[in-house]
Amino acid sequence: MDIFEKLKATHHEQVMFLREQVSGLRGIVAIHDTTLGPAIGGVRMWDYQTEEEAVEDALKLSRAMTYKAAGAGLNFGGGQTVIIGDPRKDKSEALFRALGRFIDSLGGRYIAAEGVGTTYEDMDYIRMETRYVVGIPSSRGGSGDPSPMCAYGVIRGLEACQVFRTGSDNLAGLKVAVQGVGKVGSIIVKLLLERGANVTIADVDRDAIERVCKSHDVTVVSPDEVFDVECDVFCPCALGGIINDTTVSRLRCRVVAGAANNQLEEPRHGDQLHERGILYAPDYIINAGGLINVTDEIYGYDEKRALRKTAAIRDVLYRILVSSKEERIPTYKAADQLARQRIEKVGRVRRSYVSS
Ligand code: NAD
């Protein structure tokens, strides 16, 4: 891999390779774009088979964070840490403290958060070495579990889709198929039922299904059948890549709107949804509530402020849907355009000198 060619192509600002002898830490911090503010992004620990795979992941995820933060109106850029290692075997206090010291050496250019394979306990070790980490439990005055805010943002996004399609934000009577009823999906189910929607759920985990069925009146289908459910909204809240060659033609919905990250396996699947007349709520716009919640810690966490900022997802998404219609482009492209425009405009405004 020609790393500098790669960075030129992806417009990355900086990549730091980390190695620490005592803890065995091998990691990468990628900073994509800090035009809007410090880069923020998760710490992913994964048993990468090759170093190249780890670099690719760090570059891809940090770039996605730039778009997500910009789209959510946040003054943060995109970053990502990846640690090469098996999260079940290779974790230690020393490893995360070593990472914390590297993050501290960046002087605030990158702020870490929990990610795949890491927990808030790991973040606590990082915090012993640097203040540039977010995701503190609510019991200690932090933002706590981001799932409820993420779910609320998805509901606001659904309202935007409804207004766009019907002129009303009323979700009563809406038929929604929720794929994955874990931390976020189960709260979305509750919020939908409170608003009078009819909900069908699917999950590979029987316990997750039972937990929802115990307190809610929903229809259950198998994880495979969920793609064929005739509904208004298909709401992906499980894994990424679920809009793919196999599933895109099966969907019998009018809208795809859910919490899962990286829903489109490839951008062309977004084009296919567009061609089929299915309204796609770009994932990083509609699921930004979690990020909005955690970044609020930087200002001293205030739940009301985080709720207010998350509520604005409705307006942002509506603008994207309108611009997709006016410009006859798929919604995922309209979202990227909005994020890029914000970075460009704010970047230009901030070029002029002011004494500090
Ligand atoms: P979770 O692990 O709590 O829930 C995911 C659920 O999906 C689990 O119950 C799992 O059994 C189920 N599942 C897995 N594979 C499935 C399949 N093939 N079919 C049906 N169900 C399946 O995760 P979560 O925190 O609820 O996050 C859900 C999605 O939302 C993820 O893609 C995550 O990256 C994204 N997301 C979460 C947050 C947050 O605040 N938690 C924020 C932004 C985005």
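In this text, all values refer to a predicted model and were calculated from it rather than measured experimentally. Whatever order the structure lists them in is the order used to number ligands and atoms, beginning at 1. In this chain, numbering begins with 1 at the start of the sequence shown.
- Gly240 does not count as a contact of ligand 1, since none of its heavy atoms falls under 4.0 Å from the ligand.
- Summary of contacts: the protein heavy atom closest to atom 35 (C) of ligand 1 is Ala259 O, 3.3 Å.
- Cluster membership check: Val226 shares its hydrophobic cluster with Leu264, using side-chain heavy-atom separations under 4.5 Å among Ile, Leu, Val, Met, Phe, Trp and Tyr.
- Below 30°, between 30° and 60°, or above 60°: for Phe96 and Tyr125 the angle between ring planes is below 30°, a parallel geometry.
- When hydrogens are left out, the protein atom nearest atom 26 (O) of ligand 1 is Val184 N, 2.8 Å; that is the closest non-hydrogen contact.
- A donor-acceptor pair shorter than 3.5 Å can be found between the side chains of Glu13 and Thr34.
- Protein heavy atom nearest atom 4 (O) of ligand 1, with residue, atom name and distance: Gly182 CA, 3.3 Å.
- Protein heavy atom at the shortest distance from atom 3 (O) of ligand 1 is Lys183 N, 2.9 Å.
- Regarding atom 10 (C) of ligand 1, its nearest protein heavy-atom neighbour is Asp203 OD1, 3.5 Å.
- Near Pro146, the atoms of ligand 1 lying under 4.0 angstrom from a non-hydrogen atom of the residue are 40 (O).
- Of all the atoms in ligand 1, the ones that sit under 4.0 Å from a non-hydrogen atom of Leu239 are 15 (N).
- For the residue pair Ile103 and Tyr110, the shortest heavy atom distance occurs at CG2-O, 3.8 Å.
- Against a heavy-atom cut-off of under 4.0 Å, Val204 is close to the following atoms of ligand 1: 11 (O), 13 (N), 14 (C), 15 (N), 16 (C), 17 (C), 18 (N), 19 (N), 20 (C), 21 (N), 22 (C).
- Ligand 1 has no nitrogen or oxygen under 3.5 angstrom from a nitrogen or oxygen of Lys68.
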Derivation of the side chain to side chain donor-acceptor pair (under 3.5 Å) call for Tyr332 and Asp271: CA-CA 8 Å; Tyr332 80 92; Asp271 299 329; 3.0 Å; yes
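- The salt bridge (Lys or Arg N to Asp or Glu O under 4.0 Å) check on Glu265 picks up nothing, with sequence neighbours excluded.
- In this structure, atom 28 (C) of ligand 1 lies nearest to the protein heavy atom Cys237 O, 3.2 Å.
- Note: no N/O pair closer than 3.5 Å links Asn287 and ligand 1 by distance alone.
- For the pair Ala238 and ligand 1, the shortest N or O to N or O distance falls below 3.5 Å.
- The side chain of Cys150, and not its backbone, has at least one atom closer than 4.0 Å to an atom of ligand 1 (non-hydrogen atoms only; side chain from C-beta on).
- Under a 4.0 Å criterion applied to the non-hydrogen atoms of Ala260, ligand 1 contributes the atoms 29 (C), 30 (O), 32 (O), 35 (C).
- With a 4.5 Å cut-off on side-chain heavy atoms, Val82 and Trp46 do not count as touching.
- Without hydrogens or angle criteria, Arg156 side chain to Ile313 main chain gives no donor-acceptor distance under 3.5 Å.
- The structure places OG of Ser143 at 5.0 Å from CG of Asn293, a figure rounded to the nearest 0.5 Å.
- Checked by distance only, ligand 1 and Gly290 stay at 3.5 Å or farther apart across all their nitrogen or oxygen atoms.
- Listed for the Thr35 side chain is no donor-acceptor partner under 3.5 Å among the backbone atoms of Gly347.
- Looking from atom 33 (C) of ligand 1 to the surrounding protein, the closest heavy atom is Asn261 ND2, 3.9 Å.
- Val248 is listed as a side-chain neighbour of Leu273, based on a closest heavy-atom distance under 4.5 Å.
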